[in-house]
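Notes follow the structure.
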Amino acid sequence: MSSFNIASTEFPLRNFHATPRATIGWGAYRMAGEEAKAIGIKNALIVSSGLKGTGILDEVAGVLKAAGISVSIYAGVTSNPKDHEVHAAHKVFKQNRCDGVVSVGGGSSHDCAKAVRIVDAHDGQSIREFNGMCTTKKPITVPQLAITTTAGTGSETSWAAVITDTQKMYKMVIFDPNIISSRAIVDPALMRTMPPYLTAWTGMDAMTHAVEAYVSRLGVRTSQGLGLHAIKMISRGLRDAYANPTNAEARENMAWAQYTAGHAFNSAGLGIVHSMAHTLGALFDSPHGQCNAIGLVPVERYNMVACPDKFRDIAEAMGVDTRGMTTWKAAEAAVDELEKLRADLGITETFATLGLKEEHLEKFTPVVMQDVCTLGNPRVVTPDVVKMIFRHCMAPGANGKS
Ligand SMILES: [Fe+2]
């Protein structure tokens with residue numbers, strides 16, 4: 001009898017996913033024309049929320065035109081981008097015979113642009129048919145340059161796009177290597193226009209990416225290094241960027257941190273903080289970063305027991321002196337630090353103040369369970385657990401203590 005045996009563990013094989021080349025730094029947006037030309041764009045569709053009052057779209061359009069690229073604009077993307085916005089943008093793309101997309105904004109704009117590329121490759125088929133892992137059937141040939149203006153998303157570097165299905169009222173999470181943008185630009189100069197509340201929400205989105213990737217049960221070890229380093233950078237930079245939008249060093253730290261956290265979850269996946277945020281985003285149109293900021297503390301207080309050593313690492317990355325602490329005390333200190341950070345950023349809302357009521361839980365819980373991000377959660381979740389955490393997120397303080 002052979003002694004050959006492959007130990008069967010939960011996820012025996014891991015993947016580290018490719019990311020596009022990114023140009024990062026002050027004034028990087030001025031490279032947009034050269035970068036767009038390098039990936040074959042001659043007639044660009046800018047996909048954006050409009051970024052009203054910032055002048056950023058005019059700047060980017062000007063840079064593209066100066067490089068000899070024709071420009072059309074779809075500026076109708078909203079937060080929690082909707083299926084009909086994807087098709088409206090695709091219509092403008094076709095009408096103007098565009099050959100590439102330039103997404104300018106945060107995750108909503110990048111995700112909408114990725115979805116436009118999917119729809120175009122599949123002859124206008126409804127984006128609602130592409131939920132899940134690796135659902136594209138045809139090559140995605142339309143190139144995308146993703147220019148990031150918020151310090152949270154990571155979407156410029158990820159293989160994910162999250163689009164709200166407005167018929168079934170849930171957020172589709174599309175993970176597909178074919179939809180990664182072709183090039184990325186991350187420019188702290190474009191992030192200075194974010195108001196403090198948006199800096200706080202998007203920064204906590206980045207922190208959630210970093211923490212969920214670090215503790216993910218998918219356990220991609222290269223991603224753990226990226227996640228932990230992002231936690232450190234966010235701990236050092238987010239309060240300063242929130243308190244003083246013109247603090248150049250803090251903005252630059254956050255630009256790198258959000259990009260690094262994006263790299264981390266691109267391979268390691270996320271957890272139920274994101275599953276819950278997706279659910280509230282689809283059903284209440286609640287801002288993604290704000291939902292993550294509320295959910296992070298109660299979820300990680302629940303998760304802590306699954307991997308206390310990792311939470312000790314998080315505490316240390318956040319600057320806690322853990323010498324003399326037991327591992328469990330250090331793990332608790334990590335979650336307390338996350339709670340302190342959220343408080344320092346003035347985020348006092350709960351899921352209840354966003355509109356969630358006890359009567360919603362029966363309907364919302366299965367949506368959380370089915371979200372692809374639930375797969376990465378380090379501690380097993382059941383529908384009863386999801387309901388319990390929802391209640392923690394609704395309670396005053398939303399700190400998971402009760
Ligand atoms: Fe996120």
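Numbering of ligands and ligand atoms starts at 1, following listing order.
Although no hydrogens or angles enter the test, the distance criterion places a donor-acceptor pair under 3.5 Å between the side chain of Asp176 and the main chain of Thr135.
Considering only residues two or more places apart in sequence or on other chains, Tyr170 meets the ring pair (Phe, Tyr, Trp, His ring centres under 6.0 Å) condition with none of them. Shown here are the salt bridge (Lys or Arg N to Asp or Glu O under 4.0 Å) partners of Lys329, two or more places apart in sequence or in another chain: Glu332.
Listed by chain and number, the protein atoms of type N/O/S under 2.8 Å from the Fe ion (ligand 1) are Asp205 OD1, His209 NE2, His274 NE2, His288 NE2; waters are omitted.
For the residue pair Ser155/His110, the side-chain donor-acceptor check at 3.5 Å is not satisfied.
Of the residues Asp285, Thr164, Thr166, Asp111, the one that meets the side-chain hydrogen bond (donor to acceptor under 3.5 Å, both in side chains) test with Asn80 is Asp285.
Legend: ring pair (Phe, Tyr, Trp, His ring centres under 6.0 Å) pairs involving residues 61-104, not counting sequence neighbours: none detected.
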